[in-house]
Amino acid sequence: MMSREIQAIASNTAQVPPTVRLLGTLVKAVVAAIVISLALASVLLVHIGHAQDETAAEASERQYSGLIRLLSRQLGSHVRDYTHWDESVERLAASYDAEWWDKNAGAFAVDSFGLSFSLAVDGSDRPRLATTPSGRRTDLPVELLTPSLRTLLAEARLRPASATGAEAVATGIVEFEGGLHLAGAVLFLPESEEVTNPDPQALLIYARSLPDDIFVEVAGIMGSPDLRRLDAAPGRGTFVPLVLADGSSAGVVAWTPPSPGRSMTSDVLPLVSAAFLFVAALVAFFAYRARRLALALHADERARQELAARNQSILDTVGEGIFGIDQHGTTVFVNPAALAAIGYEVGEFVGRDPHPLICCKLPDCSRNSVEDCPVRQVLADGQARSAADEVFVRKDGSSFPVEFVVTPVKQDAHVTGAVVVFRDITGRRQTEEEIRYRANYDALTGLPNRNLLVERLSQELKLSRRENATVGLLFLDLDHFKEVNDTLGHEAGDLLLRQAATRMHDSIRETDTVGRLGGDEFVILLPHLNDAGAAALIADKVIAALGTRFDLDGHDAWVGASIGIVVFPGDGEDASELLRNADLAMYKAKEAGRNTYRFYKSSMTEYVLARRGLEMDLRRAVENGEFVLHYQPIVDLRDRRTVHLEALVRWRHPQRGLLTPGDFIPLAEETGLIAEIGEWVLHESCRQLAQWRAMGKTIDVAINVSGRQVPRDLPPEMIASALAAHGLPSSALMIEITETVLFNDSPPVRGWLNAVRELGIRLLIDDFGTGYSSLSYLKHFSLEALKIDKSFIDGLLDNKADQALVRAILAMAKGLGLPVVAEGVETEAQMEWLYAHGCEYAQGYLFARPVEAAELDIPVSR
Ligand code: C2E
Ligand code: MG
Ligand code: MG
């Protein structure tokens, strides 16, 4: 993967863009043109230079020839001056006067004209007088006349004798005494007719040496210092052949002609070349820069395209909806996720203002103004914004909650648009809604829970303060719910709670709120209450609604409701204080016998505080074993003989002294401490029984077991092991249970009753007549006896109703074959009435008060 990417990148780099290729070709063409131009210019320059040099050479040749001609003419004019003269004819041609020679044509002329020699030759070609720079000679040999000299002489004699101008002189190059000389020869010619030339063939010759003399001069005039005579033509340079007068060759005269062309070429060509090279270098440099620039631009363009492609693929694949707008608020792009969310096609969305289409609907779906639209605000001030509680509208008009971020797009600190990234948060909203519901509503009943209740109550209190309104609060606790739960099971308990919730809900006004605090505790919030009396009416209504039979999947159940009422203002300052006080009032209702309501009074607070103290004391008492059992006999009315004893628990409170069950058993039941107390009572009575038995006192004891203890707090195994631990037969122990235990016909309770019976323990029904009216249970269980509640006995002598009830109970018991014990018999009259009406057993102060074991006088069995 990696290497393929690298290859791709490499191949991309190798692809030179066409602009760069074109540029390269252009540059090559320009450079080639420059090189060719340079070459052509050089050739042209060389050619021009060469032509110039040739011209210069020719000019130097012409100059040389001209100079030689000039010298020849000078020489000719000098020699002619000395021959075309009467005196010279007379003195030389006639007499060869040596003296005159020296003064005129001899030494004088050689010195004056710079001659190499002057020579007088007579008509018979005899040299007569000669002067060289070294002096005059007279006796001259004929050999002095070299062939070239002789030819020159012959040529001069051919010239007309009368001629006086240049045409009279013959000039040419001659050999004389081993050297080369430019010589001019002329015949003597008298000026006047009086003088006759005796020897018309006599000649005078003036010569200048070559090259030593003339060439140096010529070379100086021509500006060619290397002008020289050579035997043969040189390889280079300019030369002219030296031809002697007789036509024989004497080598050449050579010199280096001026070469303006070459010097021009050598001067100009480097400059031109340098200029061309400079231009070429400049072109190459700028071309190189241009190529790099073009490549960089190309790379930039490619990078931009790649980035755009990458951005596009990101836009296409991200889950968030993204669209961009320009500075006028018109959509310029949108990604597929956004289109899928809003239900538009690209063409319907791009190029349009998103605001009226989808944007900026407030949570209640009312349209937001353009000025309030966060997207537009970003365009206005260039500050990024986010929103979490906006709503977007789909094409079909439906809406969905969104969360979005708007980021400005800037160029040089100038806002040119904005990008909106949004997310449909419907799912999250639902989850939040669910979490909120769970946090505020009770899962079982669907009623508001404590949180929501406290919140609503607090709101109502605020409102009430503002409007001077009255708020009522009912704190409700179901009576006997725990028993239903324990005996029929939790499912039945849940069902009961749901039904109770419905009943409560049906008993209140629309504006009221029922909530569940937990367990079997409910709260009813009554806003806008006319007066406290109205709260009492509602409480009555609720109690009545809950007081009827519950059908729990085929099982009948009855519960009641104890309600505490608080009214605001007055009973508390805030929600928690009101709830606390309503709770106290509810306890008071419980204490008042349940199934009723109580208004909160400030004294309740003190009571409850005391009660809380008592609870702590009770826990300590359980740990410290502060309990004691008192025993009260049950007597046979026929002979007042004790048939068995009832164990009644007492609490030796360190400060408050001896407390009876009424002071602490309800609290022990509420707090669950009854389990420990019950266990202690079981063991203590067994211990006492065993002690008596050891003393030979065979007596049976009945212990009290409350509904809260059955079945879990006092399992049959515990009873069996307690008996076994003290070596007691099960017949020694009796258990008093209330009607409610029997009435609770649930499998666990029935199982407990059967197990206890199977152990051989006798069961008595305590407080008979105060519980439930169904009597059918009496025949289902084998019972030892019924104990008629003290409340019936109290009014037995005055109250006809009580008499009728007791009579009925006695009759029914007799019918079932059940013995009856009358509780709380205090007077002989009561005893007699009971005895007269068939009651066989009784318990009461008349016979004995409950006392400690030590105080009892139990006869030793025989
Ligand atoms: P109970 O089982 O009906 O017990 C009889 C109550 O009547 C006892 O009250 C007894 O002192 C009282 N009593 C008996 N004869 C007379 C009388 O002639 N006049 C008056 N005024 N009262 C009389 P006590 O001891 O205060 O017990 C009250 C109740 O507490 C008991 O009623 C029983 O239900 C409960 N109880 C006592 N001990 C225990 C216990 O160990 N466990 C449980 N769960 N409950 C207990
Ligand atoms: Mg009892
Ligand atoms: Mg009783």
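For ligands, and for the atoms within them, numbers begin at 1 and follow the listed sequence. The residues of the chain are indexed from 1 along the displayed sequence.
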Engineer: Pick from Asp512, Ile538, Leu525, Val523: which one makes a side chain to side chain contact (heavy atoms under 4.5 Å, CB included) with Leu474?
Structural biologist: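 So, applying the side chain to side chain contact (heavy atoms under 4.5 Å, CB included) to Leu474 and each of Asp512, Ile538, Leu525, Val523, only Ile538 qualifies.
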Engineer: Considering the heavy atoms of Asp767, write down every atom of ligand 1 situated less than 4.0 Å from one of them.
Structural biologist: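 Atoms satisfying the 4.0 Å criterion: 3 (O).
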Engineer: Is ligand 1 under 4.0 Å from a heavy atom in the side chain of Val825, in the backbone, in both, or in neither?
Structural biologist: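 Backbone only.
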Engineer: Provide the number and element of each atom of ligand 1 under 4.0 Å from a heavy atom of Gln632.
Structural biologist: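 So the atoms of ligand 1 that pass are 10 (C), 14 (C), 15 (N).
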Engineer: Provide the number and element of each atom of ligand 1 under 4.0 Å from a heavy atom of Pro850.
Structural biologist: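 Result: 11 (O).
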Engineer: Would one find an N or O of Asn704, backbone or side chain, under 3.5 Å from an N or O of ligand 1?
Structural biologist: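 Yes; the residue has a nitrogen or oxygen that sits under 3.5 Å from a nitrogen or oxygen of the ligand.
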Engineer: When you measure from the heavy atoms of Ile703 to every atom of ligand 1, does any distance fall below 4.0 Å?
Structural biologist: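 Flag not set, Ile703 not near ligand 1.
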Engineer: Salt bridge check: are Arg619 and Glu615 linked by an N-O gap of less than 4.0 Å?
Structural biologist: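 So Arg619 pairs with Glu615 through a salt bridge.
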Engineer: Can you name the N, O or S atom of Glu736 that is closest to the Mg ion (ligand 2)?
Structural biologist: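 Minimum-distance N/O/S atom of Glu736 relative to the Mg ion (ligand 2) is OE1.
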Engineer: Below 3.5 angstrom, do we get any N/O pair linking Tyr845 and ligand 1?
Structural biologist: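 For ligand 1, there is an N or O atom that lies under 3.5 Å from one belonging to Tyr845.
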Engineer: Do you know which of Arg656, Arg650, Arg620 makes salt bridge (Lys or Arg N to Asp or Glu O under 4.0 Å) with Glu626?
Structural biologist: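 Passing option: Arg620.
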Engineer: Honestly, is Arg503 close enough over Phe550, meaning NZ or CZ under 6.0 Å from the six-membered ring centre and within 45° of the axis?
Structural biologist: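 That pair qualifies as a cation-pi contact.
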Engineer: Can you tell whether the side chains of Glu823 and Lys790 come within less than 4.0 Å, N to carboxylate O?
Structural biologist: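 Here Glu823 does not pair with Lys790 in a salt bridge, since their nearest N and O are not under 4.0 Å apart.
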Engineer: In residues 839-849, what donor-acceptor pairs under 3.5 Å come from side-chain atoms, sequence neighbours left out?
Structural biologist:
residue : atom : partner : partner atom : Å
Gln843  : OE1  : Lys787  : NZ           : 2.8
Gln843  : NE2  : Gln632  : OE1          : 2.8
Gln843  : NE2  : Glu646  : OE1          : 2.6

Engineer: Decide whether the shortest distance between a heavy atom of Gly662 and an atom of ligand 1 is less than 4.0 Å.
Structural biologist: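 Contact check Gly662 vs ligand 1: negative.
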Engineer: Which atom, counting only N, O or S, brings Glu646 closest to the Mg ion (ligand 2)?
Structural biologist: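 Result for Glu646 and the Mg ion (ligand 2): OE2.
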Engineer: Closer than 4.0 Å to some heavy atom of Glu736 - which atoms of ligand 1 meet that?
Structural biologist: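 Listed by number with element, the hits are 2 (O).
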Engineer: For the CG atom of Leu637 and the CD atom of Glu832, what is their distance to the nearest 0.5 Å?
Structural biologist: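 It comes to 10.5 Å.
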Engineer: Indicate whether any N or O donor in one side chain lies under 3.5 Å from an N or O acceptor in the other, for Ser791 and Asp794.
Structural biologist: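 Not at all, the side chains of Ser791 and Asp794 share no donor-acceptor pair under 3.5 Å.
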Engineer: Test of understanding: given a 4.0 Å heavy-atom threshold, classify the contact between His630 and ligand 1 as side chain, backbone, both, or neither.
Structural biologist: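 It is neither part, as no heavy atom is under 4.0 Å.
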Engineer: I'd like to check which ligand 1 atoms, numbered from 1 as shown, lie under 4.0 Å from a non-hydrogen atom of Ser706.
Structural biologist: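 Near Ser706, the atoms of ligand 1 are 44 (N).
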Engineer: Would you say the side-chain atoms of Asp477 and Ser562 include a donor-acceptor pair closer than 3.5 Å?
Structural biologist: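 There is no such pair between these side chains.
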Engineer: Suppose we only allow N, O or S atoms; which atom of Asp766 ends up nearest to the Mg ion (ligand 2)?
Structural biologist: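 In Asp766, the N, O or S atom with the shortest distance to the Mg ion (ligand 2) is OD2.
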Engineer: So if I count the atoms of ligand 1 from 1 in the order they appear, which ones are less than 4.0 Å from some heavy atom of Gly824?
Structural biologist: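 Per the distance check, 15 (N), 16 (C), 17 (C), 18 (O).
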Engineer: Show which atoms of ligand 1 fall inside a sub-4.0 Å distance from at least one heavy-atom site of Val681.
Structural biologist: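 Near Val681, meaning under 4.0 Å from one of its heavy atoms, ligand 1 has 41 (O).
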Engineer: Which bit of Asp766 is near ligand 1, meaning a heavy atom under 4.0 Å away: side chain, backbone, both or neither?
Structural biologist: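 Only the side chain of Asp766 comes within reach of ligand 1.
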Engineer: Just to check, does Arg849 reach to within less than 4.0 Å of ligand 1 when the distance is taken from its heavy atoms?
Structural biologist: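 Under 4.0 Å: no for Arg849.
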Engineer: Starting at CG of Leu546, measure out to CZ of Phe522 and round the result to the nearest 0.5 Å.
Structural biologist: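 The CG atom of Leu546 sits 8.5 Å away from the CZ atom of Phe522.
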Engineer: Give the atom numbers and elements of ligand 1 that come within less than 4.0 Å of a heavy atom of Gln709.
Structural biologist: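 In order of numbering, the contacting atoms are 44 (N).
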Engineer: My understanding is that only one of Asp583, Asp520, Asp479 makes a salt bridge (Lys or Arg N to Asp or Glu O under 4.0 Å) with Lys590; could you say which?
Structural biologist: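 Single pass found, and it is Asp479.
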Engineer: Does the distance from a Lys or Arg side-chain N to an Asp or Glu carboxylate O, for Asp700 and Arg693, drop under 4.0 Å?
Structural biologist: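 Looking at Asp700 and Arg693, the cut-off is met.
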Engineer: So among Ile765, Leu764, Leu753, which one has a side chain to side chain contact (heavy atoms under 4.5 Å, CB included) with Leu783?
Structural biologist: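 Output: one option passes, namely Ile765.
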Engineer: So is Ile665 polar-close to ligand 1, meaning N/O to N/O under 3.5 Å?
Structural biologist: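 Checking ligand 1 against Ile665, no N or O pair falls under 3.5 Å apart.
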Engineer: With a 4.0 Å cut-off on heavy atoms, is Lys787 in contact with ligand 1?
Structural biologist: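 Outside the 4.0 Å threshold, so no.
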